[in-house]
Amino acid sequence: MTAPKGHIAAIDPASLPKHYDAAAAEPRWGEVWERAGTYHYDPGRPRAETYVIDTPPPTASGSLHPGHVFSYTHTDILARYVRMTGRNVFYPIGWDDNGLPTERRVQNYFHIRCDPGVPYDPELVLEEASARASKEGPPRKVSRPNFIAACERVTRQDEQAFKRLWTRMGLSFDWREEYQTIGTRSRRIAQYSFLDLWRKGHVESRYAPTLWDVDFQCAIAQAELEDRTVPGAYHDLEFGVEGGGRFTISTTRPELLAACVGVTAHPEDARHRHLFGKLALTPLFRVPVPIFPSEKADPEKGTGILMVCTFGDATDVKWWREHGLSLRQIVQRDGRLAPVVFGGEGWESRDAAAANHAYAELAGKNLNQARKRVVELLREPDASATGQGAPLVAEPRAIQHVVKYYEKGERPLELVPTRQWFVRLLPWKDALIEQGARIQWHPGYMQHRYEDWTRNLNQDWCISRQRYFGVPIPVWFPLDAEGRRDYEKPILPDEPQLPVDPTTDVPRGYEAAQRGVPGGFDAETDIFDTWFTSSLTPQISSHWTLDAERHAKLFPADVRPQAHDIIRTWAFYTIAKAWLHEGRTPWDDVVVSGFVLDPERKKMSKSRGNVVTPLPLVEEYGADAIRYWAGSARLGVDAALDEQVFRVGKRLVTKLFNAGKFALAQSGPAHPIASELDRAFAARLAELVRSATRAFEDKNHAQALQETESFFWSRYTDVYLELVKARARDEAAEAAAGRGSAVAALRLGLSVLLRLFAPFVPYITEEVWSWQFAGERGEPSIHRAPWPSERDFAGIAPPAESASLEIAMACFAAIHKAKADASVSAGREVERLTLAANPKTLAKLALVAGDVLSAARVREHALAAQDDLADGAFAVRDAVFAERAES
RNA sequence: AGGCACGUAGCUCAGUGGCUAGAGCACCACCUUGACACGGUGGGGGUCGGCGGUUCAAUCCCGCCCGUGCCUACCA
């Protein structure tokens, strides 16, 4: 249907439904966008026109969480804004599927455990139901390939659930750029990263005491530590001194007594100075250990003198290194005490028989059991190293103390000497802080988090994990004639071989048959820390090492959206990798979203059990309404899950539907926007566009939304739309110019406001846009329409009086109030009234009085000058209202 | 213990060195209106955490204190 030239055609409101049904419309538009490729990245356009988003890959096996909806919506709002400004948005989505969370979920889902010793069973069928039935028994042991297959199966399912939610939320990803962190490309790029770091000398393998989780039986990195305050107890134990004497130490870990390798106190401590240089004798095991001074010993703590064990904490490691102490590792990888024998080399004892007798009670026990038993043994007088009564000289004193845990773990971390791979980061601390300063953080104070973390870093990055579902470390070791690994000469693959699985692939120059035989080779079985791969998300998306041209176009990225709790991991490691690989920052901006709190303002988390499943909320209120809630929160600020805000969002959607229906139902002769009120409205609208655009450029979407919303309600629908209704429908021939101006301005207002709202509420804006605006510029979707700008206002003369809109509004409101005071409906006609205002205001009113009086349905009016009224204020007097019309 | 952020109406939050500090929700009253009753109009509601300082002027800037949250440190 083409409109006659010179006439603005209207839509037929009767053809539209009475009410907008988000549940039906949203999935429909999702399909339209998918089919049209509305959000596709165009690789043909130059870098300068491209905007690259380094999207966080969610942990696919994690639960769907309102926090996801919240922060991903923030990013999507930014993406949609940038896209409308004409830039070519690269907005990929990946799934972080490797790692412990997936393994744990799979273990529970199928009730299985991975055991690399079990042979592969290609026929193995795992079912959730049967797993549930077998929960009675111990978990079934399955081979590593079977376990990985189970992981892949579960993550695919989980990813589909996420994808459904993301699609429904209207996140404008380019789904062609979907990837998995366990996928072939990610594995290749992660392994290449390792090769590159190795070549540059940033990687090494070390045998050293490492933070160790005894349940996962896996090394972890400093960034995965979590402090927890837990109950403990001081135990006062009396030690002997060789050559005579005794002293009492305080320890919270008596179960490590057998691992005691030294005793230390502060050098200035008069109570203990006489002991330095002598040998102490441990109770129970009668092991002679050196007593040495150390500045690190705090005279205020405990008794001021303490035992050094291998290893109770990080300070023990330092003492052990600096003082060349013995290594007596009694804690095994499974958290149980090792079967050691006193009397041999490194395990000296002045009474080996007694030591072994006592230790026999402890070997094989876990740490809690061992603690309980060793305390019992220390209550026996014959355990004394001094012959003066029981070594436990006082009842244990209960305390609350802070203990390091793996953030996903359940038992305290131990320090266990193991061989691990490390990326050397400590030498780069200053450089990494400087890199962080080159990045714009939003909000700015998030940079402090990064700097604090980097400055306090005290360990290199342990990147090896003794787990199964992850990217294999691409290394083999040559075996010597005795079949021992030569750790000094690891064999790395060549780049074209990547990705490799060293447990099945064969290194160059070897035959498969040489695996595991003396003179042959042996595979590294460890996998990478998941962050080793996740820290490469910009490079995974840019196809680093696979497509140089694409990489140059997409790396570094423009923006990294993320949550603040993973600044120390994801942001930090990504910055570190980009620095070590290419000497640059991985992005220009970081935008940090807050957390979602439950209605009691508590952080929503799985462990608190207060997580709400988002999809039912989306179905109840519509995605636009949920997005409105997310969009109204500023970056970095935590937001409470608030259904009242969802309702406000839903109301906005309804209002957009109805206002759009009204504005587009008006027709009239084509005419420029020329009437005073219309020009005043356009001028205010242009101000809004400038202000909202500035807010978006400052990464302040919440302000843009607030201003747009405020204008939409309190200027467009409540005011302007009411004021021009009559003129927009005036059929009189002599009113044609005014009518055409009103219709044009109504449409301009709708068109601009829809576009300003489009990043926040993409569905309803697309819906209304589709009724008539779509296709006007050859582009059907509002989400590819140009962001409002001065161009929308070209040729519109400024109003004669800049406050005309506000004058009209104030006068209209005064008449409304008079009607309300008389309990008369706003639509009732007014026979006559007198409008009072100061002379200046009356003069301004003259410019717009026609619109005000016809909108208020005033038949006759008089004006009265009243000097004591403030500028812009009106008083209504002597109003006579018409009788209510008979229906 | 250190760092960062926050503290404004019953609730959720804007805001500014200067008119009488705002919005939404909630609450109260009123209005069938022609886009919308999934709507509209009007109204009540504040010691801007406390104390001090700078200033002609402080909710805003500075200092101290109190409270909340997060990050980091604290393992004998």
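In this text the structure is predicted, and so the values were computed from the model without any measurement. First the proteins, then the strands, lettered A, B, ... as listed; each starts at 1.
Which of B/C31, B/G40, B/A35 sits closest to the side chain of A/Arg651 comes down to B/G40. When each of B/U12, B/U41, B/A35 is scored by its nearest atom to the side-chain atoms of A/Asp718, the top-ranked nucleotide is B/U41. Of the candidates B/U41, B/G24, B/A5, the closest approach to any side-chain atom of A/Val648 belongs to B/G24.
Distance noted for atom C1' between B/C6 and B/A14: 14 Å (whole Å). As rounded to the nearest Å, B/G49 and B/G44 have C1' atoms that lie 25 Å from one another. Remark: the separation of the C1' atoms in B/C65 and B/A73 is 24 Å, to the nearest Å. When the C1' atom is used for both B/C13 and B/C48, the distance is 13 Å, rounded to whole Å. Taking atom C1' on both nucleotides, B/A1 is separated from B/G46 by 37 Å, rounded to a whole Å. Separation of the P atoms belonging to B/U59 and B/G7 is 15 Å when rounded to the nearest angstrom. Annotation: B/G15 and B/C75 have their C1' atoms spaced 46 Å apart (nearest Å).
The base of B/C36 is paired with the side chain of A/Lys655 by a donor and an acceptor separated by under 3.5 Å. A donor and an acceptor atom sit less than 3.5 Å apart, one in the side chain of A/Thr654 and one in the base of B/C38.
In this structure, A/Arg647 is not positioned above the aromatic face of A/Trp629 in the sense of NZ or CZ being under 6.0 Å from the six-membered ring centre and within 45° of the axis. Under a cutoff of 6.0 Å and an axis angle of 45°, A/Arg715 and A/Tyr720 do not form a cation-pi pair.
Straight-line distance from the CG atom of A/Asp638 to the P atom of B/C4: 18 Å, rounded to whole Å. Protein atom NE2 of A/His442 is 17 Å distant from nucleotide atom P of B/A5, rounded to whole Å. As rounded to whole Å, 6 Å separates atom P of B/A26 from atom CD of A/Gln644. Rounding to whole angstrom units, CG of residue A/Leu597 and C1' of B/C70 are separated by 11 Å. Nucleotide B/C36 holds its C1' atom 10 Å from the CZ atom of A/Phe712, rounded to whole Å. Rounded to whole Å, atom C1' of B/U33 lies 13 Å from atom CG of A/Leu721. Rounded to whole angstrom, the span from the CD atom of A/Gln703 across to the P atom of B/G15 amounts to 7 Å. Rounded to whole Å, the distance from CE on A/Met446 to C1' on B/C4 is 9 Å.
Using a 4.0 Å heavy-atom distance criterion, A/Ser710 is classed as making no nucleic acid contact. Residue A/Ala659 is in base contact, counting any heavy-atom pair closer than 4.0 Å across all strands shown. Here A/Glu722 lies in heavy-atom contact (under 4.0 Å) with a base. Within the nucleic acid shown, A/Lys18 comes within 4.0 Å of sugar-phosphate atoms alone, with no base atom in reach, counting heavy atoms only. At the heavy-atom level, A/Trp629 lies nowhere under 4.0 Å from the strands shown.
Residue ring and nucleobase are stacked for A/His19 and B/C38, with a centre distance beneath 5.5 angstrom and an angle between planes beneath 30°.
In plain terms, the two heavy atoms of A/Arg859 and A/Ala882 that are nearest each other are NH2-CB, 4.2 Å.
When each of A/Ala813 and A/Arg634 is assigned the nucleotide of RNA chain B with its nearest heavy atom, A/Arg634 is the one assigned upstream, toward the 5' end. Each of A/Lys817 and A/Ser823 was matched to the nucleotide of RNA chain B holding its nearest heavy atom; the match closer to the 5' end belongs to A/Ser823.
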Decide yes or no on side-chain hydrogen bond (donor to acceptor under 3.5 Å, both in side chains) for A/Ser593 and A/His74, but give the supporting numbers first. CA-CA 7 Å; A/Ser593 296; A/His74 285 168; 2.9 Å; yes

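Taking the six-membered ring where the residue is Trp, the centroids of A/Phe657 and A/His19 are separated by 6.0 Å or more. Residues A/Phe646 and A/Tyr628 keep their aromatic ring centres 6.0 Å or farther apart.
The side chain of A/Lys819 places no N or O atom within less than 4.0 Å of a non-bridging phosphate oxygen (OP1 or OP2) of B/U41. Regarding contacts with the backbone of B/C30, every side-chain N or O of A/Arg828 stays at 4.0 angstrom or more from both OP1 and OP2.
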Report, one pair per line, the protein and nucleotides 72-76 of chain B atoms (nitrogen or oxygen only) whose separation is under 3.5 Å.
{"residue": "B/U72", "atom": "OP1", "partner": "A/Arg568", "partner atom": "NE", "Å": "3.2"}
{"residue": "B/U72", "atom": "OP1", "partner": "A/Arg568", "partner atom": "NH1", "Å": "2.6"}
{"residue": "B/U72", "atom": "O2'", "partner": "A/Asn456", "partner atom": "ND2", "Å": "2.9"}
{"residue": "B/C74", "atom": "OP2", "partner": "A/Lys404", "partner atom": "NZ", "Å": "3.2"}
{"residue": "B/C74", "atom": "N4", "partner": "A/Asp227", "partner atom": "OD2", "Å": "2.9"}
{"residue": "B/C75", "atom": "OP1", "partner": "A/Lys301", "partner atom": "NZ", "Å": "3.4"}
{"residue": "B/C75", "atom": "O4'", "partner": "A/Val402", "partner atom": "O", "Å": "3.4"}
{"residue": "B/C75", "atom": "O2'", "partner": "A/Asp313", "partner atom": "OD2", "Å": "3.4"}
{"residue": "B/A76", "atom": "OP1", "partner": "A/Thr252", "partner atom": "OG1", "Å": "2.6"}
{"residue": "B/A76", "atom": "OP1", "partner": "A/His401", "partner atom": "ND1", "Å": "3.0"}
{"residue": "B/A76", "atom": "O3'", "partner": "A/Ser250", "partner atom": "O", "Å": "2.4"}
{"residue": "B/A76", "atom": "O3'", "partner": "A/Thr251", "partner atom": "N", "Å": "3.0"}
{"residue": "B/A76", "atom": "O3'", "partner": "A/Thr252", "partner atom": "N", "Å": "3.1"}
{"residue": "B/A76", "atom": "O2'", "partner": "A/Ser250", "partner atom": "O", "Å": "2.1"}
{"residue": "B/A76", "atom": "N6", "partner": "A/Asp298", "partner atom": "N", "Å": "3.4"}
{"residue": "B/A76", "atom": "N1", "partner": "A/Asp298", "partner atom": "N", "Å": "2.8"}

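Ion pair A/Arg397/A/Glu395 not flagged as a salt bridge, since none of the NZ, NE, NH1 or NH2 atoms sits closer than 4.0 Å to an Asp/Glu carboxylate oxygen.
Distance check, rounded to the nearest 0.5 Å: OH of A/Tyr763 to CZ of A/Arg627 gives 7.5 Å.
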